[in-house]
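Lettering follows sequence order; numbering is per chain, from 1.
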Protein chains: 6
Amino acid sequence: MATLVCFGEVLLRLSAPGFEPLLRSARLEARFGGAEINVGIALAYLGHRVRAVTALPDNPIGAACLGELRRHGVDTSGVHLRPGRQGLYYYTAPAQLRPAQVVYDRAHSAFALAGADHYDWPALLREAQWLHLSGITPALGEAPLAALQSAVAAARAQSVRISFDCNIRRSLWQGREQQAPTLLRPLAERAQLLIGNADDIEALFGGARLSGSIAEQQQQAAQSAFAACPDLQHVAATHRLTHSADHHTLTGLLCDRRATHVSRAFELDPVIERIGGGDAFAAGVLHGLCGNADAQASIDFATAASALKHTLPGDFSTLGAADVEHLLQGGRLDVRR
Amino acid sequence: MATLVCFGEVLLRLSAPGFEPLLRSARLEARFGGAEINVGIALAYLGHRVRAVTALPDNPIGAACLGELRRHGVDTSGVHLRPGRQGLYYYTAPAQLRPAQVVYDRAHSAFALAGADHYDWPALLREAQWLHLSGITPALGEAPLAALQSAVAAARAQSVRISFDCNIRRSLWQGREQQAPTLLRPLAERAQLLIGNADDIEALFGGARLSGSIAEQQQQAAQSAFAACPDLQHVAATHRLTHSADHHTLTGLLCDRRATHVSRAFELDPVIERIGGGDAFAAGVLHGLCGNADAQASIDFATAASALKHTLPGDFSTLGAADVEHLLQGGRLDVRR
Amino acid sequence: MATLVCFGEVLLRLSAPGFEPLLRSARLEARFGGAEINVGIALAYLGHRVRAVTALPDNPIGAACLGELRRHGVDTSGVHLRPGRQGLYYYTAPAQLRPAQVVYDRAHSAFALAGADHYDWPALLREAQWLHLSGITPALGEAPLAALQSAVAAARAQSVRISFDCNIRRSLWQGREQQAPTLLRPLAERAQLLIGNADDIEALFGGARLSGSIAEQQQQAAQSAFAACPDLQHVAATHRLTHSADHHTLTGLLCDRRATHVSRAFELDPVIERIGGGDAFAAGVLHGLCGNADAQASIDFATAASALKHTLPGDFSTLGAADVEHLLQGGRLDVRR
Amino acid sequence: MATLVCFGEVLLRLSAPGFEPLLRSARLEARFGGAEINVGIALAYLGHRVRAVTALPDNPIGAACLGELRRHGVDTSGVHLRPGRQGLYYYTAPAQLRPAQVVYDRAHSAFALAGADHYDWPALLREAQWLHLSGITPALGEAPLAALQSAVAAARAQSVRISFDCNIRRSLWQGREQQAPTLLRPLAERAQLLIGNADDIEALFGGARLSGSIAEQQQQAAQSAFAACPDLQHVAATHRLTHSADHHTLTGLLCDRRATHVSRAFELDPVIERIGGGDAFAAGVLHGLCGNADAQASIDFATAASALKHTLPGDFSTLGAADVEHLLQGGRLDVRR
Amino acid sequence: MATLVCFGEVLLRLSAPGFEPLLRSARLEARFGGAEINVGIALAYLGHRVRAVTALPDNPIGAACLGELRRHGVDTSGVHLRPGRQGLYYYTAPAQLRPAQVVYDRAHSAFALAGADHYDWPALLREAQWLHLSGITPALGEAPLAALQSAVAAARAQSVRISFDCNIRRSLWQGREQQAPTLLRPLAERAQLLIGNADDIEALFGGARLSGSIAEQQQQAAQSAFAACPDLQHVAATHRLTHSADHHTLTGLLCDRRATHVSRAFELDPVIERIGGGDAFAAGVLHGLCGNADAQASIDFATAASALKHTLPGDFSTLGAADVEHLLQGGRLDVRR
Amino acid sequence: MATLVCFGEVLLRLSAPGFEPLLRSARLEARFGGAEINVGIALAYLGHRVRAVTALPDNPIGAACLGELRRHGVDTSGVHLRPGRQGLYYYTAPAQLRPAQVVYDRAHSAFALAGADHYDWPALLREAQWLHLSGITPALGEAPLAALQSAVAAARAQSVRISFDCNIRRSLWQGREQQAPTLLRPLAERAQLLIGNADDIEALFGGARLSGSIAEQQQQAAQSAFAACPDLQHVAATHRLTHSADHHTLTGLLCDRRATHVSRAFELDPVIERIGGGDAFAAGVLHGLCGNADAQASIDFATAASALKHTLPGDFSTLGAADVEHLLQGGRLDVRR
């Protein structure tokens, strides 16, 4: 059982019921989620102490969000209530030939306006083993970027290891695509764990043109990252084949400086929920690293955790380690009674 | 049957089911509404040609809003789709001792960013008898204010009468309360119909300290307005006694330069929906003025229309004139079959 | 515990959720009900053996209706499945100043097309003490009228007492208002129990112009009915003051040839459901007569049963005698735990 | 952007929630739809001007239907409100081994009773390029048949092209199966575009016994139609393999007088909604013909539009051309953000 | 049409909406079901007279359960209302890689406390051809076991054939696994029809170690049972391959003393509802035996009935024989209209 | 801001939607609540540190309950997960003339089986100012009684003040009504704050027969309590007039050894939710005592908090002190925007 700190924005997610287009009926499902906090909640259900660090609006929406984080077992003493709005996004669920669609409405949020001054990182990181960050935060503006840089500095000062998920969301960088690598690279360079596929890593660290199988490409990309980042110990990624909007094949890859470990492939058919699948994977990798599992066991666990997350509606993974083990060990899938 | 143009922002309204606090369950009711367009939709159901003028985001939320406006029978050829976000508000329904609560999240909306250049007022006002505006628009920023000023100028140039509802929402003027009268007064001065209670009018036009009965106070305030505005012909207002959050007594007042006409008082117990009650009243007054009804008949109709609107969930009044007449004439309230 | 037979049409009732106008959202509540069968179901919950006689379409809608009747404890062996459609009505719930509205869509139903040949009345009435009928059936066309006449003849042949609820629904007689008294009177003349207020009875039997209090008017009307119908023993009615669409005052009246018995007045505020209130009253009167309760006890029970039915959504009263007694005896209204 | 007129009945569709049998719970989903108007709405979302021509009851159900048509962007000035009932159908959704089931209840509807006199075709067809009709209307009775014949005559007089979808629904012709070809053939003969598979065409025009592949059979059938109809330019059809109630393979075929063009096959697994798939196809073909796309591009677009419609609940296709192009071009099916 | 008696507990089943974890939202779906009564209800829809025998609490939950049983057409005169609680279970639906989960809360129920004295078996079994029992009842405690033993004795005395479904639910025998065979074997020995797969039968009757194909193993197991039970005529079982939690392959096997009959394999993809699938199978076998169908026809019908049940939410099969025949005969799976 | 500990059972509450009878539709609303924890949650929203002490089943229902407690801001480190079932109750909402009804199903719960050994009271009470208990716990069996006695002893040893709410639920003492005073009195004698009306106190401490006004009776009863309990400082109670099941008048009374303080009377019309009203009152009194408010201010605050709680669905009060002050100070009840 480790102590981990997750820093990022939590959004209100508004989606239509079932497969309906947005606002066809006068009803929205309203859930909360955000890449980094999703990782935190998944880790809490896996048995770890997790501190959520974010900023929320000081109004009933922020209060509801705070309650939801508490409900899922993360420590919210590091959540900051301040003036501003709740960032949100509208989500249309995928349906076979029709891809899911996200419309962001997160500019000017309480989080987007909170800079380095708003966070007391030395206190927030006290007794933590890991700090989990992602590439979304730098995309949200100068204030969050500054807050992130200050978190990284404090983590290094306190010997807290850094996990960094590239999470390059093109729509958030629109109009300043060139900046992304420049801003993200120095952050990634501080990480012990980097989560990103070959494209992400190439975007950040360049390197020779990739070729060969998925595992070989990931291996090559990871080598570029290891070369660029002296502290980096692991690079992890999922590979997702998208046969249709709700039928995927998922494989996990974990590279250390010696080798690339590939998980079994999971058929996800149907996918109940796509959102949060990558975050459950990141949580699974961290769970393995925290428990000193070997690399193959870690990537198997992480990929199974991610696969299983695809059966749960909403951003959050509420799976226990026993649920993941049951799947990994080929436990029966008929009714358990 | 007249032709009227309504200009203002349409918001997405997100509210909890039943009497629940916001986001207690993971579900929101999602409706659209906005003071000026509410007036337009009520007028459409009363049988008039109504042109809605607004700006909406060019995304699925704006498209859904546009469809909803069309559904309710207003002409949407004057609705402008452009980049930006959908303004919205969170609404907690009232419950006896607990007042309704609105949390606005409308800054930076597509409407708030659309200025005078975005509207071709001479075309939009073609063949119209009335242009309906409100004091909300100037509160939303410089761009909407400029658009409004340009609408007023065009209306006067084309001899379109102006109806102006003061609608002073304090939270929208927060931090610049002093500006409100300065910005609103010149707009109100151009109106033939002014909708506002004694407080609103005093805020705009000053005048002697009010005293006496509600009707007398309204009469005195109206005189200040008539004195300040040479074109003004009618001042209308509702008076609402709030016994509890869902038990009100509603009376309507209509002043012309000669007299003040007071409607019968309606007991609203329980109020099913408070929002949109004032807009249905404004529509009722305009309906009377368009039909050349006498002042007493107009205020009776408008107040009954408003009272009846309180029985309909959502912002929009979908009542026909026959429904209002049924109430006015004391029609039976048992099942109609 | 008596055996009673109820004959009439069962309709599918389609209504909007909450206080919404019809089809504002893409959802309808779907319940079943019909005046005569409502009486039967109320009687079943009061402990009697009840046989439902009706015709339903031989399709999934009829099958669902049949299941619903069975669920509520009436014997459905007398229900007839045949080709045709399910009669239905659209219902908009009342809301304070806005009355409930019924739109019938029941022409050409399986019931409306089933004539005297479709019912084996001697068998259907076996061992019954009462046959309950209403004035709705003759309004539905020649086939139901013939079926009703044949039921009346069989009942008299088998000494089954007849209860007849006038239930004059004006919209069902539209265009042939003159026929109603001509068709209904001979049926009413065969009854031992007639349910109808002074207006209904005057419509059927004429008589001197009514005057005086409600009780006096009902007394006068009842005398006309007693004069015209040698077998008639009781005339019952409710008197309903409609303060608003969901605030009523309800009083019951029961006349025998000697006197008029008046119940206490019940304030119904708010009315949860108006439909089926009269049917629960009829069931209450029959319950009293079956149990040889005295007239005052009968009208008290029946009116309390009707008042209490106004708290139950849907057509059906599922109240036991103990629930009614609790109300009659002034039992406490705070939580029972 | 063309102008098209669609004529046909709009029905209220009542269905159980999820996979439940009809009326297992007291709730129905209520949507509107009808083959010809579905085509019109799909065309409106593809960017065309569409005039809907139909008759609806002059009551709240008809008003709600009218609002729904407006919402989806068709011009409803040609919709006729008149006395009568709303035609409807009950729908049970398919579930793997259990086929969907439709129970019609549409006899005696406002549309079924409106004959040629109720439509001013010369005005309704003004400036139109296409009139879309189907074989359902003649099945509904003499009045709709007469209205249809009069529409065809006016279209030819005004040089409006006719699109005719055979749509032979056996249950609507029950008891008069022989009449179908006799009534439908003269209508089909006037069309420039005929939509029907080989069986439909053989039923109308006879011809040699079909053999060979699906494409060859369709080609042979189309030749019979071309031979019989001098004005006919295109014959289109979908071919659907039904592996289970919610797993289909869909292929489109478009014949002109020279050749048969076959689309790629789409796996629909799972089908979210089967209803309206053929109508989206018809709209896609018309879209191609209006835009002078070549035959292969037209059938590819139409089949993709139909395939994609199977992911949308309800009768209506609300897809834009860009959505269809995304699918055609193999756009990625993972979340778009 | 036969008369059958089904004896067992009916539980309230509480489940989360859709694929949500239990109690994520503040809403539960509440249905009733129980292995033996499920068999009874399926038989009622197949056209048989079915008597349900059980004990329910004498409170509103028991009353609701009773109404639900009546609704589905079983005779409830043998249902016993007595003090106690309603047994219940919490159910989490399966989702692809995540198995369904049952949490029982049925100890101390009204049924669990009702012993042999509470049932008048000679009367309850009057005119019955079959008594259906299962291995769940003996697991519930001494009182239900005694009631079951008394039922078996009465059945044998009245020459009512016994159908016994092993239904060994491990969690119900927790801590006394050794007792299960000892208690179940004497009951199974009295049966004419035994339902259980090779594992179940081996648990009860031992026998040589099984080998070979599924059919061969079932055949071997059945021979052990036939050897141990002189009255036994048929042994039936389903074989279920669980590819994922909602994709199964289902095959049925029916052994008589001469041979083993194997049905066609049904792909269940997706499974809408797993619960009640075995009970629909049992009902199908009994339907075949009651109708003197040959063994192959019986197992084909029973397996198709079970496969089709997997498309219906809830415990109960409401399929008619025609629905099953449609599937067996390869009827089309596209919309039936 | 004080630290308080609340000890008691948390139940799952299952209720029908709206005003429906239980299980009329296949849906239940599922919330959690329990008298003592309700007090704790109300206190948490009023700004205090609250430790919840209870035992929950170690299964998904207990886990969901635990999450819900966390969500509402109480410290759950003192919640104990152990084998057993979740206690629950079925709730039928009140409707005007029909009282709410509770059917308990809480015997044999995890809480009911956890005795003194399961709680480490010295640790659980560390740094607490108050321990809140109620008369429900001793009614649940010997184990909870022992746990309660041990809590009382520890509290006295650690100088933690005790608040004791009599909460005599007759149905929980059924068959052993005589024991209630014997068991409850020694617990009440240890309290600094006793919550109970005159009847409750008379039941525990006897005393002269009460007479006079409500305030006088409460005063007399309180004197008996003060006489019997040397440490007792305050006695508090609400007085509730029940005009109908959803129209109450609520008054609060607070006695110290010198005087009785009476709050203003609140009209609750309509009551949205009755459950939890008393617990919000208790929390309000404790809030006053913790803040050293004077007695009149305390009873005013507590009664307003209770009145306002009646507008919130569910057991829990989520009101902040500002909400209560707004009501107390006669803040406006129209929309707050």
Side-chain angles (χ1 to χ4, degrees), chain E residues 10 12-18 20-33 56-69 71-72 83-93 98 100-110 112-113 171 174-175 313-316, chain F residues 10 12-18 20-33 56-69 71-72 83-93 98 100-110 112-113 171 174-175 313-316:
Chain E
V10 189
L12 175 62
R13 161 176 132 171
L14 300 173
S15 54
E20 285 188 7
L22 213 51
L23 293 165
R24 176 65 55 88
S25 17
R27 204 180 121 191
L28 291 169
E29 296 187 9
R31 302 173 186 271
F32 291 99
L56 291 172
D58 189 9
N59 66 19
I61 301 93
C65 180
L66 188 60
E68 195 67 12
L69 298 182
R71 181 191 200 183
H72 290 292
R85 62 181 295 265
Q86 175 82 32
L88 58 88
Y89 70 103
Y90 300 94
Y91 179 70
T92 310
R98 184 160 55 92
Q101 191 177 358
V102 164
V103 176
Y104 281 122
D105 178 12
R106 61 196 295 178
H108 313 287
S109 71
L113 302 176
S171 69
Q174 219 160 7
D315 277 53
F316 301 151
Chain F
V10 190
L12 175 63
R13 162 176 132 172
L14 300 172
S15 56
E20 285 188 8
L22 213 51
L23 294 166
R24 176 65 55 88
S25 15
R27 203 180 121 193
L28 290 169
E29 296 187 8
R31 303 174 186 271
F32 291 100
L56 291 172
D58 189 9
N59 66 19
I61 300 93
C65 180
L66 187 60
E68 195 66 12
L69 297 182
R71 181 192 199 184
H72 290 291
R85 62 181 295 264
Q86 174 82 31
L88 59 88
Y89 70 102
Y90 300 93
Y91 179 69
T92 310
R98 184 159 54 92
Q101 190 177 359
V102 164
V103 177
Y104 281 122
D105 178 13
R106 63 196 294 179
H108 313 286
S109 71
L113 302 177
S171 69
Q174 220 162 6
D315 277 52
F316 301 151

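Using a 4.5 Å cut-off on side-chain heavy atoms (C-beta onward), Ile61(E) and Asp105(F) make no contact. Two residues are said to be in side-chain contact when any heavy atoms from C-beta on lie closer than 4.5 Å; Pro60(E) and Val103(F) meet this criterion.
Residues that satisfy the side-chain contact (heavy atoms from CB on, under 4.5 Å) test with Ala63(E), not counting sequence neighbours, are absent from this structure.
The choice from Leu23(E), Asn59(E), Thr92(E), Leu88(E) that makes the most heavy-atom pairs within less than 4.5 Å of chain F is Leu23(E).
With rounding to the nearest 0.5 angstrom, the NE2 atom of His108(F) is 8.0 Å from the CZ atom of Arg85(E).
When heavy atoms are compared at a cutoff of 4.5 Å, Leu14(F) approaches chain E solely by way of its side chain, counted from C-beta outward.
Against chain E, the residues from residues 26-33 of chain F that qualify, each with a non-hydrogen atom under 4.5 angstrom away, are Ala26(F), Arg27(F), Leu28(F), Glu29(F), Ala30(F), Phe32(F) in number order.
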